[in-house]
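What follows is a set of notes on a single structure, which appears directly below.
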There are 2 protein chains.
Amino acid sequence: MTVVLRSDDMRRRNRLRIIQIVRRKGAVSRGEIAQSTALSAATVSTISSDLIAEGILVARGSETGASTGRGRPSVNLSINPRFRHAVLIILKIGAVNVTIIDFAGTVIAHQDFHLDMANLTMDAFRQALVSEIRQTWDASGLDNDQLARIWVGVQGTTDIAGKNVLRSPMTPLTNIPIGRWLSEEFRAPVRIANDCDLIAKALNWRDPRLYSCNFAAILLAHGVGMGLFLRGQIINGTKSSGTEFGHMLFESDGALCRCGSKGCIEAYAGDYAIVRRFRGQPGDMKPASHVVPGEIARIANAAREGDELARETFASAGRALGSGLAGIFALVDPFRVVFVGHGAIAFDLMEPALREILENSNAFAARDIPIDLYVDEMPLVLEGCGIGALSEIDESQADKVSEMARS
Amino acid sequence: MTVVLRSDDMRRRNRLRIIQIVRRKGAVSRGEIAQSTALSAATVSTISSDLIAEGILVARGSETGASTGRGRPSVNLSINPRFRHAVLIILKIGAVNVTIIDFAGTVIAHQDFHLDMANLTMDAFRQALVSEIRQTWDASGLDNDQLARIWVGVQGTTDIAGKNVLRSPMTPLTNIPIGRWLSEEFRAPVRIANDCDLIAKALNWRDPRLYSCNFAAILLAHGVGMGLFLRGQIINGTKSSGTEFGHMLFESDGALCRCGSKGCIEAYAGDYAIVRRFRGQPGDMKPASHVVPGEIARIANAAREGDELARETFASAGRALGSGLAGIFALVDPFRVVFVGHGAIAFDLMEPALREILENSNAFAARDIPIDLYVDEMPLVLEGCGIGALSEIDESQADKVSEMARS
DNA sequence: CGATTTTTTTTGAGGCTTGAAATAAAGGGC
DNA sequence: GCCCTTTATTTCAAGCCTCAAAAAAAATCG
């Protein structure tokens with residue numbers, strides 16, 4: 001329901017809007033901000049000089065570039081890269097990636113660690129994680145109070161607050177309180193997000209025109225996940241993050257899935273499912289925990305060279321994915337879909353079967369949905385993590401308006 | 001993205017909030033409004049005296065009821081019933097219901113018309129509809145300028161703007177511009193909404209504690225429809241309203257649905273599907289266009305008395321519904337579900353099969369979702385239509401702030 | 001009938017946005 | 001090199017809006 005507005009809410013919102021515009025456009029003059037926000041030049045001037053005084057923005061008059069002709073040249077405002085920093089952590093099976101970015105999003109430091117979480121106690125995991133982050137941060141030479149936010153991207157589900165990892169394929173541990181560990185250790189707010197949600201967030205940031213209101217990012221990797229935007233909001237349930245698209249039912253009593261159920265989409269379209277089928281292994285065989293990198297590409301090549309079993313393997317993956325999408329498209333009008341991850345290299349082999357399922361579904365508008373491909377998911381996960389962390393800092397800074405007014 | 005705020009947006013929002021609170025609570029004092037909005041008493045006083053002067057609210061000091069003790073008695077504010085009126089139209093197969101409500105939601109006039117739309121031309125439909133509304137309005141004796149809003153509830157899909165009926169089972173006509181017909185004729189804004197969406201809206205209005213963030217209302221009637229709230233918003237696609245839950249696939253190559261496809265949920269749980277199966281007719285038999293009222297209740301009684309075929313008929317309906325829900329619960333965490341319509345009288349017969357499907361699904365939190373039943377859907381459809389129309393009038397009146405300020 | 005209590009209105013202050021005027025900082029022309 | 005023109009930004013005064021405090025209103029109680 002509508003929320004009541006106080007006087008300073010106005011300033012808060014307008015500050016945030018200006019920060020967001022500068023963040024998106026990189027460098028932009030006060031006049032352009034006034035135009036694109038429909039705020040008056042006077043207001044933009046007041047707010048932006050506050051933001052500069054607070055160190056959030058910087059004015060870079062010298063780099064205005066080619067003079068545009070007569071008149072006082074406009075001064076571009078940019079995000080002050082040194083205002084704050086964020087730590088981004090990507091947890092994968094067997095590895096921890098730690099990245100430090102400045103307030104403009106530039107990578108300041110990056111380290112990859114191997115960490116086999118399959119046999120780790122809760123406490124050993126905590127110690128390893130903390131020491132790896134500490135090591136990367138110390139190497140960057142930044143002051144501790146520069147660390148404004150920590151965002152963690154994981155495969156698996158988290159609680160709605162983004163403080164705990166509920167379940168993840170990287171470890172048998174459950175309810176891992178990573179949020180508490182890191183916020184106590186590093187004295188900064190922490191948020192944990194699902195990797196597919198971060199991919200969707202990154203796409204939304206990269207190209208809001210294509211990826212804004214309704215779209216889905218489907219990650220085709222060892223498992224199958226989805227990041228879903230509906231009405232401009234990430235849909236991820238009330239209790240856990242990350243939609244369980246890969247575990248929608250495709251065929252009752254069908255192939256065995258990692259989750260223990262039978263017939264999930266993932267059991268046809270995940271890496272292990274494709275390998276299992278291509279090798280002629282039975283559908284109820286226990287899913288392999290790991291697939292050799294490049295294996296999917298090799299099977300795809302075999303299919304392209306005419307191998308019938310390989311062709312049928314990908315066709316069946318396409319049918320599983322198409323059937324899941326058709327189910328969603330019965331609820332929400334069809335929308336743009338992005339396939340991300342190394343499974344996307346074989347999308348040409350899955351597409352005919354997928355499109356056929358959609359065409360025969362009742363969602364008649366589904367036949368021509370646009371589908372995009374991104375084979376490498378890691379840049380997207382990292383980017384989504386970064387923009388998430390920076391946006392949160394933006395919001396916290398916009399809220400500081402009342403404190404500033406007092407001083 | 002965040003939207004910029006101007007000075008008068010604040011007043012607009014606070015006006016709307018106060019109107020909404022009075023509408024919900026019926027009669028409420030200025031002091032209580034101040035408390036529940038966190039606005040100051042001064043602001044509430046200013047705004048509410050504006051609203052009274054504009055005729056939107058009325059102060060009814062006399063009816064304060066039992067004196068609460070010492071001190072100046074509080075004066076309750078209420079919606080002024082005579083401020084404006086709304087016309088609500090429910091289109092059903094073979095019938096048009098016209099209802100006129102005042103600004104407090106009280107029914108002023110109501111007429112039911114028989115209208116067989118199966119064989120009507122576009123123009124004949126227009127003329128019949130207009131004349132029936134005109135007749136009801138004229139009988140009410142209200143001035144024409146009292147008609148502030150027309151809301152139409154239909155089975156079928158509408159465009160996103162709610163101006164046209166795209167497809168509906170009540171007529172073979174498509175793209176029916178009812179919005180334009182009525183707004184031209186009655187000089188009032190018109191909105192057309194799907195009946196299931198209206199049911200969900202009504203439930204949300206009746207009990208926001210149970211039905212607010214995520215829930216679904218499933219209409220079990222001749223067909224099967226769904227009104228879906230996610231994150232507090234009605235989800236209904238970008239192009240059409242009403243989710244097509246009934247046309248999610250339950251069994252590939254299964255029973256024949258009204259829509260022409262095979263295996264839809266509706267082809268197992270709709271009236272015609274239950275009758276077809278109970279009579280031992282083949283699943284590919286063309287769906288009956290009409291089922292005698294009370295027939296479902298009779299079959300349900302047969303099942304309760306031990307008829308095996310009847311029991312299996314409802315069990316299969318339960319499985320179809322459960323399978324559709326399981327698909328949704330793989331995307332969004334499980335939520336409260338309401339079954340509405342005469343099909344709900346047999347819910348006890350469907351529930352075991354439905355729950356079993358959910359328990360065996362991967363959405364492990366789905367096993368205990370609360371399920372409510374409302375056998376009679378018409379009061380909900382009408383109520384949703386009414387609250388929709390009145391809320392729109394509220395919003396338009398809150399926006400009048402700038403005009404008032406000028407005078 | 002006056003004191004007390006509770007609700008509502010009035011008043012003055014402070015914050016926010018805005019249009020207009022003023023100022024700043026270029027390029028162009030002579 | 002100097003003044004005019006042009007464009008960007010800042011300053012200023014005015015108008016709204018909300019709020020806290022004071023005043024007024026309207027009961028009950030003794």
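So you know, we letter chains A, B, ... as the sequences are listed, proteins then strands, and number each from 1.
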Check your understanding: Whole-Å distance between C:dA25 P and A:R30 CZ?
Key -> 12 Å
Review point. So, are B:R12 and B:D8 salt-bridged, with charged N and O less than 4.0 Å apart?
Key: yes
Review point. OP1 or OP2 of D:dT18 sitting under 4.0 Å from any side-chain N/O of B:R11?
Key: yes
**Study point:** A:E383 bridged to A:R206 by N-O distance under 4.0 Å
**Key:** yes
Exercise for review: Find the distance B:E32:CD to C:dT7:C1' and express it as a whole number of Å.
Suggested key: 11 Å
Practice item. Look at A:R6 and D:dC19 and indicate whether a side-chain polar atom (N or O) is within less than 4.0 Å of OP1 or OP2. Key: yes
Check your understanding: So does B:R11 pair up with B:D50, basic N to acidic O under 4.0 Å?
Key -> yes
Review point. Should the pair A:H85 and A:W137 be assigned to parallel (<30°), tilted (30 to 60°) or perpendicular (>60°) ring geometry?
Key: perpendicular
Point to revise | B:M10 CE to C:dG14 C1', straight-line distance once rounded to whole Å | key: 12 Å
Practice item. Please state whether the phosphate of C:dT17, meaning OP1 or OP2, lies under 4.0 angstrom from any side-chain nitrogen or oxygen of A:N14. Key: yes
Review point. Taking for each residue the nucleotide of DNA chain C with the nearest heavy atom, is it B:G31 or A:S40 whose nucleotide lies nearer the 5' end?
Key: B:G31
Revision key, fill the gap. Result for 5'-nearest mapping on DNA chain C, choosing between B:G71 and A:V44, is B:G71
Point to revise | Contact under 4.0 Å: A:S74 side-chain N or O vs D:dA8 OP1/OP2 | key: no
Study note, to complete from the structure: Separation of C:dT8 atom P from B:L57 atom CG, nearest Å, is 13 Å
Practice item. Mind calculating the distance between CG (B:D8) and P (D:dG15) to the nearest angstrom? Key: 16 Å
Exercise for review: With side chain to side chain contact (heavy atoms under 4.5 Å, CB included) as the test, would you mind laying out the steps for A:I47 and A:R15 before giving the verdict?
Suggested key: CA-CA 6 Å; A:I47 293 179; A:R15 275 168 65 98; 3.7 Å; yes
Point to revise | Separation of atom CG in A:D50 from atom P in D:dT9, rounded to whole Å | key: 16 Å
Practice item. Give the rounded distance in Å between these two atoms: CD1 of B:I18 and P of D:dC17. Key: 13 Å
Check your understanding: When you measure from the side chain of B:I47, which nucleotide among C:dT18, C:dT11, D:dT18 comes out closest?
Key -> D:dT18
Exercise for review: Could you check how far CD1 of A:I33 sits from P of D:dA8, rounded to whole Å?
Suggested key: 13 Å
Study note, to complete from the structure: Closest to the 5' end of DNA chain D, once A:S49 and B:A41 are matched to their nearest nucleotides, is A:S49
Exercise for review: Look at B:R70 and C:dA3 and indicate whether a side-chain polar atom (N or O) is within less than 4.0 Å of OP1 or OP2.
Suggested key: no
Point to revise | Base C:dT7 paired with B:R72 side chain (donor-acceptor, <3.5 Å) | key: yes
